[in-house]
Amino acid sequence: MRKHRDAKIINPRGIHVRPVSIIGTGCYLPERVVTNADLEKVVDTTNEWIVTRTGIRERRVARHDQAASDLATEAARRAMADAKVTADEIDLIIVASITPDMVFPSTACFVQHNLDAKNAFCFDIQAACSGFLYSMEIAQQFVSSGKVKTALIIGAEKLSCVLDWQDRSTCVLFGDGSGAAVLRACGAKHGILSSVLGADGSLSGLLKLPGGGSRHPTSEETLKGRLHFMQMTGREVFKHAVTRMTHAAQDALKNCNLSIEDVDCIIPHQANLRIIDAIGERLGAPREKYFINLDRYGNMSAASIPVALDEASKTGRLKKGDIVLMVAFGGGFTWGATVVEWIKG
C-alpha cells in the first residue's frame, strides 16, 4: 500500500469533512492558433526571445463573436459528458474569469441558460489565475455540507480582448480557452484532500487591468491612456509567484499528511516555464512530475489549470489513485494549492 493512502481529509481547524471528488473534466480551445512567428509580424519580438524566456511557442485566440460564456459552455458540456451528468442534475455553477461577458449579469448565468441547467444557482468569482482553485474550494464547501449534490466549476478566459498588442512584454504570454470540472461527494472516496488559498492586496499594482471599473470608468481619457489593457511588472510578479506557489504547495501537502514524494502529478499554473522550474527546484520535484502544456496554449489565467487537468486525464497521465497537486498564482495577488486523490479510472 502506498504511503499516501494514509492521507486524511481535514480542514484547517482539524475537523474531518465529507469527501468531495472530481468526477468529470472537459476543456475547449478556440480553433485559431497564433504562433510566435505570427507575433513577429505584429510586434517587435522573436520566436527565440519568447521561447527562451517563457517556453511558449503558440497560443489559441478566440473568434470575435465568441465571448467567455461561449468558451465556458463548451468546456462545461464536455465535463458533464465525462461525468455522465445531465443539466437537470447541476445544482451550482461557478465561473472564474477576469474576462467575463460583461459586468453583469454573471457569465455563470449565461452558461446556465446555454446549458438549460434550470436547477442551478450561479455566480462568478474573480481571482485571476488562481480562480479555478478558488472555485474548487468554494464548490467543495457547498457539496461537503450537503447543500449541493453536483457542482460545475469553470475557468474561462478570452484574454486576447484585453491584451495590448503593442506591448511585447505581455501580448506574447497569454491565450484564450476554457476548462471545467464536475464535483460530487462520492462516499468514502478521498477526492479533494486539502486546499490552501491566500492573497495580498498590497501588491495589486504589479498585475492589473485598471480601466473600466468604478476607479477608472470608461472614458475618452482611459481609452487614450490604454487603461483597458493588462499591465504587468514581470520581474516582481515572477519573484512573488515562485515564493507563494512553493509555500502554498508545501502547506497543502502538510495539511493532508503528505510530502512531495507522495505526489504523482503536479499541475502548475501555466504561466512561464522558468517559474515552473524554479518551483520544482524549491519543492524538490523533478520536471517529470509536472504536466506542462504552456508551450501550446500560453497563460490562460483561470483556464490554465482546468485545461491541463483535463488533458492530463484524457491522455492517461492521471491514473486512479494518483495524488495530484495543483498550484496557482495570479493578480491580486492571489494564490492557492489543492491536493486531490484522483478517483477516475
Side-chain angles (χ1 to χ4, degrees), residues 27-30 34 54-56 58-62 66-72 75 94-101 106-108 111 124-136 153-165 167 169-181 197 199 203-204 206-210 212-213 228-234 237-238 240-241 244-245 248 267-273 275-276 292-311 326-338:
C27 74
Y28 171 75
L29 288 309
V34 175
T54 70
I56 300 168
E58 60 187 41
R59 69 286 295 149
R60 301 296 180 93
V61 174
Q66 287 181 306
S69 65
D70 299 313
L71 310 184
I94 306 175
V95 174
S97 182
I98 57 171
T99 54
D101 286 29
S106 71
T107 300
V111 173
D124 292 354
I125 71 157
Q126 203 273 68
C129 305
S130 308
F132 186 74
L133 296 188
Y134 270 58
S135 297
M136 189 178 298
I153 59 173
I154 309 166
E157 302 288 8
K158 187 181 179 182
L159 293 164
S160 57
C161 66
V162 297
L163 294 179
D164 185 347
W165 293 98
D167 179 9
S169 68
T170 57
C171 73
V172 303
L173 302 176
F174 298 92
D176 301 336
S178 181
L197 303 176
L203 300 171
S204 59
L206 297 176
L207 179 53
K208 61 186 179 181
L209 198 163
H228 298 270
F229 297 125
M230 189 183 305
Q231 300 175 2
M232 181 172 68
T233 307
V237 173
F238 184 105
H240 289 285
R244 297 298 190 178
M245 290 171 73
I267 298 180
H269 174 51
Q270 308 285 318
N272 186 306
L273 192 57
I275 291 177
I276 293 172
I292 299 171
N293 62 7
L294 71 86
D295 56 317
R296 292 178 285 125
Y297 305 131
N299 183 344
M300 295 182 289
S301 188
S304 286
I305 284 182
V307 169
L309 181 66
D310 181 56
E311 287 197 337
M326 295 171 277
V327 59
F329 179 87
F333 284 145
T334 63
W335 57 86
T338 301

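In terms of modelled atom types and a separation under 3.5 Å, the side chain of Glu157 and the main chain of Ile98 share a donor-acceptor contact. Not a single donor-acceptor pair under 3.5 Å links the side chain of Gln231 to the backbone N or O of Leu209. Listed for the Gln126 side chain is a donor-acceptor partner under 3.5 Å among the backbone atoms of Ala128. One N or O on the side chain of Ser97 and one on the backbone of Ala156 form a donor-acceptor pair closer than 3.5 Å. In this structure, Arg59 contributes its side chain and Val34 its backbone to a donor-acceptor pair below 3.5 Å. Checked by atom type and distance alone, the side chain of Thr107 pairs as donor or acceptor with a backbone atom of Asp101 at under 3.5 Å.
Taking OG of Ser301 as the reference point, atom CZ of Phe132 lies at 13.0 Å (rounded to 0.5 Å). We find the OH-CD1 distance between Tyr28 and Ile154 to be 14.5 Å, quoted to the nearest 0.5 Å. The distance from atom CG of Leu203 to atom OG1 of Thr334, rounded to the nearest 0.5 Å, is 11.5 Å. Distance check: Leu173 CG to Leu159 CG gives 10.5 Å after rounding to the nearest 0.5 Å. With rounding to the nearest 0.5 angstrom, the OG atom of Ser178 is 11.0 Å from the CD atom of Gln66. Gln270 contributes atom CD, which lies 11.0 Å from atom SG of Cys129 (distance to the nearest 0.5 angstrom).
Residues Ile275 and His269 have side chains not in contact (no heavy-atom distance under 4.5 Å, counting atoms from C-beta outward). For the pair Phe333/Val237, a side-chain contact is recorded, criterion being any heavy-atom separation below 4.5 Å from C-beta on.
Classification of the Trp335-Phe329 ring pair by plane angle, with boundaries at 30° and 60°, yields parallel.
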*Please test Val307 against Asn293 for side chain to side chain contact (heavy atoms under 4.5 Å, CB included), starting from the C-alpha separation and ending with a verdict.*
CA-CA 9 Å; Val307 169; Asn293 62 7; 4.0 Å; yes

Under the side chain to side chain contact (heavy atoms under 4.5 Å, CB included) criterion, do Asp167 and Phe229 qualify, and how do the steps go? CA-CA 10 Å; Asp167 179 9; Phe229 297 125; over 6 Å; no

Worksheet item: Between Val95 and Val111, is a side chain to side chain contact (heavy atoms under 4.5 Å, CB included) present by the stated rule, with each step listed?
Response: CA-CA 9 Å; Val95 174; Val111 173; 4.2 Å; yes

Next item on the list: Take Lys208 and Met232, measure what side chain to side chain contact (heavy atoms under 4.5 Å, CB included) needs, and give me the verdict at the end.
Entry: CA-CA 7 Å; Lys208 61 186 179 181; Met232 181 172 68; over 6 Å; no

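For Asp124, there are no salt bridge (charged side-chain N to carboxylate O under 4.0 Å, His left out) partners at least two apart in sequence or on another chain. In this structure Asp164 satisfies the salt bridge (charged side-chain N to carboxylate O under 4.0 Å, His left out) test together with Arg226, sequence neighbours excluded.
The nearest pair of heavy atoms linking Ile276 to Ile292 is CG2-CD1, 4.1 Å. Between Gly336 and Leu197, the shortest heavy-atom contact is CA-CD2, 4.0 Å. Met326 approaches Leu133 most closely through the heavy-atom pair O-CD1, 3.7 Å. Here the closest non-hydrogen pair linking Ser130 and Gly330 is OG-N, 3.5 Å. When all heavy atoms of Leu273 and Gly55 are compared, the pair lying nearest together is CB-CA, 4.2 Å. Heavy atoms only, all atoms of each residue included: Gly179 and Ala303 are closest at N-CB, 4.3 Å.
Listed by first and then second residue, the salt bridge (Lys or Arg N to Asp or Glu O under 4.0 Å) pairs that reach into residues 299-311 are Arg296-Glu311, Asp310-Lys314, sequence neighbours excluded.
If you run side chain to side chain contact (heavy atoms under 4.5 Å, CB included) between Met300 and each of Leu294, Leu71, Asp176, Leu29, only Leu29 comes through.
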